[in-house]
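Inspection log for the structure reproduced underneath, given as structure tokens.
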Protein chains: 2
Amino acid sequence: MSKPHKSITAQDVADYAGVSRAVVSRALSDNGSIAPETKAKVIAAARALGYQVNFLAQGLNRKRSQLIGVVVARIKDPFRSSLLEGLIHTIQRRGYQALVTEVGSEKDLESTLRQFTQFRVSGVIVTSGQPPAALVDECVQFKIPVVGINRHLDIPAVDFVCSDNQQGAALATAQLLESGCHSFAWLNCQSSTWAGIQRGVAFEQTLARARHAPKSLKRIIADQDGYDGGEAAALAFDLSQGLPDGIFCANAQLACGFLDGMRQRGFDAPKDFHLIGFDNTPQTAQYSYRLTTLNQDIPALCSEVLNCLESRNKSPNQAARLITVPVSLVLRHTSPDIHLG
Amino acid sequence: MSKPHKSITAQDVADYAGVSRAVVSRALSDNGSIAPETKAKVIAAARALGYQVNFLAQGLNRKRSQLIGVVVARIKDPFRSSLLEGLIHTIQRRGYQALVTEVGSEKDLESTLRQFTQFRVSGVIVTSGQPPAALVDECVQFKIPVVGINRHLDIPAVDFVCSDNQQGAALATAQLLESGCHSFAWLNCQSSTWAGIQRGVAFEQTLARARHAPKSLKRIIADQDGYDGGEAAALAFDLSQGLPDGIFCANAQLACGFLDGMRQRGFDAPKDFHLIGFDNTPQTAQYSYRLTTLNQDIPALCSEVLNCLESRNKSPNQAARLITVPVSLVLRHTSPDIHLG
DNA sequence: TTGAAAGCGCTACCAT
DNA sequence: ATGGTAGCGCTTTCAA
């Protein structure tokens with residue numbers, strides 16, 4: 001049982017190794033020239049003493065911590081938690097640490113971004129909310145790179161990484177058309193994310209461009225997001241003009257809810273309609289749903305995000321980039337593979 | 001468009017307000033005596049200049065950052081992401097920031113804990129893995145409080161906050177007995193968490209203590225955790241001796257998978273058996289599952305966790321505590337309320 | 001290659 | 001109540 005000891009500093013290591021503090025710093029950070037044997041000696045000393053760099057002091061000096069700020073919202077939503085998991089994993093793999101902040105409102109985002117700068121983070125990842133230009137400007141002034149996921153605003157010096165919503169919509173449209181669907185519906189919620197809106201627009205466009213005669217397209221707008229929103233939308237759906245037979249959903253949660261809502265009214269997919277959702281969440285693979293979905297490549301998204309961060313750390317003034325990550329169609333029960341049928 | 005400006009320091013505020021740096025520090029931290037009007041003057045100056053404390057410098061000085069380290073694993077698991085959401089929310093509400101680290105193995109935990117100390121975190125929350133005594137000792141030496149959730153080891157100076165597994169098992173047993181179940185089963189996975197094991201033990205004990213004759217109890221051990229594990233266990237279940245009619249699950253994911261697995265074999269709850277799971281995850285409320293579960297009071301858990309942290313920061317040498325948080329039974333379709341039946 | 005020394009921005013102690 | 005000042009532990013010139 002050791003006493004509450006004073007923590008070991010670089011000076012202790014220096015004394016132990018018989019060198020100066022400066023040499024210790026160089027030995028441990030590969031920065032500045034140092035004789036190989038001196039370096040080995042210092043590293044041995046550091047190990048012997050159990051020396052740990054004080055990140056606070058290091059960051060204060062370097063004017064940059066090895067922290068990366070991550071802005072999230074509604075973590076318990078399945079897709080978001082998968083994305084967060086991927087981000088944290090990637091952040092750690094690249095030698096950083098994740099400073100995770102949950103925001104409820106745009107106003108939260110403001111103070112959050114401010115706190116990030118106060119910690120001199122090496123980068124900021126925004127997965128929710130729209131960074132107010134003024135605040136981003138503040139980050140830019142601190143030379144802190146900012147990157148957004150699955151959203152895109154035209155903010156100077158801010159990069160964005162997005163799943164390919166166009167391609168997703170095209171894949172879904174093709175699948176529904178090939179399956180012989182005639183009347184279509186698009187399901188989204190009010191207060192949709194930017195990505196959701198894009199998907200809807202792309203769906204309408206792809207459908208309009210389809211070779212054969214124009215198809216009917218109904219827009220279903222749920223009052224709220226998530227499973228509950230989708231379920232309520234299904235329960236409230238006006239069936240007097242029949243049920244569309246090809247339905248595309250802005251996200252998987254809405255889709256699962258919609259499916260369950262329709263089941264409560266005696267309809268089911270693929271018997272009565274085809275259903276495709278975005279976001280291949282674990283739940284969509286389960287026996288009770290087996291939802292055909294568009295898979296977002298989370299590892300690729302995360303990897304690109306960190307590439308952006310690191311690249312902009314090197315050259316802060318490069319033009320803002322928009323990186324698009326391909327999606328893929330996962331065929332399951334709610335709109336089966338016609339080639340297997 | 002402002003230039004990459006030098007950041008504003010306490011000295012700038014001091015100059016602007018016509019006072020010394022020390023006064024600025026006092027004005028902003030309520031620490032040390034200061035004339036009300038001076039304080040107001042400083043605060044006005046700080047606001048005018050847009051001054052932001054440098055947390056790195058502050059932490060270096062105070063020997064403590066306002067960071068709280070959170071150790072998690074498999075974030076995308078529904079209960080875990082809900083818990084993480086609660087933790088982050090609570091951490092922020094109390095004026096800290098969450099440093100979130102994902103661990104895969106015990107070895108990860110070691111380096112993680114070390115990194116936390118390097119950031120001089122104000123506390124460590126362990127939601128996964130078992131903190132190795134030696135490392136915890138290191139934290140203790142830095143006077144960093146450590147608290148674990150839903151696990152309990154007898155480590156000096158480490159507090160634990162747990163949902164009441166005993167009570168949960170008792171509630172489940174009572175419900176199953178009152179519903180007239182005769183043969184029972186306990187479903188868990190190999191490599192279960194500490195909490196899962198506790199629940200199983202408590203279930204067996206409660207059942208054994210039940211007033212009427214001893215009941216049959218079968219243990220089903222899935223090869224893996226989660227939905228897939230539960231489903232596989234159901235598909236592999238030996239039906240030659242019939243299906244138990246009262247089944248209790250270590251967690252909701254296993255339960256959902258088991259239910260779906262049984263459905264694939266033509267059985268369903270509550271028709272053929274009653275099913276109760278732990279963890280009231282959002283998914284269990286959905287129409288396709290409507291699982292009777294034991295609800296963990298996440299806000300209460302999180303609140304207690306931070307209470308422990310703050311309390312131990314005040315008096316580091318107090319005895320280790322184990323705080324138990326009540327659970328509640330949420331009656332749904334897979335084991336309905338008999339009083340409504 | 002190495003060491004001395006000047007900060008990084010802040011807090012806290014000690015005089016005043 | 002206020003101001004001067006000595007660090008916190010580290011990095012990074014600049015000389016030697």
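Throughout, protein chains are lettered first and strands after them, A, B, ... in sequence-line order, and every chain is numbered starting at 1.
Checked by atom type, the side-chain pair B:Q58/B:N54 shows no donor-acceptor distance below 3.5 Å. Between A:D108 and B:Q92, the side chains place no donor N or O within less than 3.5 Å of an acceptor N or O (distance only, hydrogens not considered). The closest side-chain donor-acceptor pair between A:R94 and A:N307 falls under 3.5 angstrom. A donor-acceptor contact under 3.5 angstrom links the side chains of A:Q115 and B:Q97, judged on distance only.
First and last contacts of DNA chain C with chain A, using any nucleotide atom under 4.0 Å from a protein heavy atom and ordered 5' to 3', fall at C:dT1 to C:dG9.
In this structure, the side chains of B:T90 and B:I88 stay at 4.5 Å or more apart for every pair of heavy atoms. Here the side chains of B:K39 and B:D30 are in contact, with some heavy-atom distance below 4.5 Å. Side-chain contact check for A:I43 versus A:L28: some heavy-atom pair is nearer than 4.5 Å. Inter-residue side-chain proximity for B:C162 and B:L322 is flagged as met; some heavy-atom pair is nearer than 4.5 Å.
Listed by residue number, A:T38 are the residues of residues 38-47 of chain A with a heavy-atom contact under 4.0 Å to DNA chain C. Residues from residues 111-121 of chain A placing a heavy atom under 4.0 Å of any atom in DNA chain D do not occur.
Residue A:S33 is classed as a base contact, given a heavy-atom separation below 4.0 Å to a base. Residue contacts for B:L60: at a heavy-atom cut-off of 4.0 Å it reaches a base atom on one of the strands shown.
Around atom NZ of A:K41, more than 12 heavy atoms belonging to other residues, nucleotides or ligands sit under 6.0 Å away. The environment of CZ in A:R114 is crowded: more than 12 heavy-atom neighbours from other residues, nucleotides or ligands sit within 6.0 Å.
The two residues A:V13 and A:V42 come nearest to each other via the heavy atoms CG1-O, 4.0 Å.
Shown are B:Q318, B:R312, B:H152; of these, the side chain to side chain donor-acceptor pair (under 3.5 Å) with B:D159 is made only by B:R312.
Using the six-membered ring where Trp is involved, B:F119 and A:F55 have ring planes that are tilted, between 30° and 60° apart.
Taking 4.0 angstrom as the limit, A:T9 places none of its side-chain polar atoms (N or O) nearer than this to OP1 or OP2 of D:dG9.
Relative to the axis of its first five pairs, the axis of the last five pairs of the helix from C:dT1-D:dA16 to C:dT16-D:dA1 sits at 40°, rounded to 10 degrees.
Partners of B:Y96 by side chain to side chain donor-acceptor pair (under 3.5 Å), not counting sequence neighbours, listed by chain and number: B:E310.
Where B:P36 and B:K63 meet DNA chain D, the nucleotide closest to each residue was compared, and B:P36 sits on the side nearer the 5' end.
B:S65 places a side-chain N or O within donor-acceptor distance of the main-chain N or O of B:R120, the cut-off being under 3.5 Å.
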Using a cut-off of 4.0 Å between protein heavy atoms and nucleotide atoms, how would you tag nucleotides 11-16 of chain D 5' to 3' with B, S and -?
BBB---
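Taking atom CG of A:L28 as the reference point, atom C1' of D:dC10 lies 11 Å away to the nearest angstrom.
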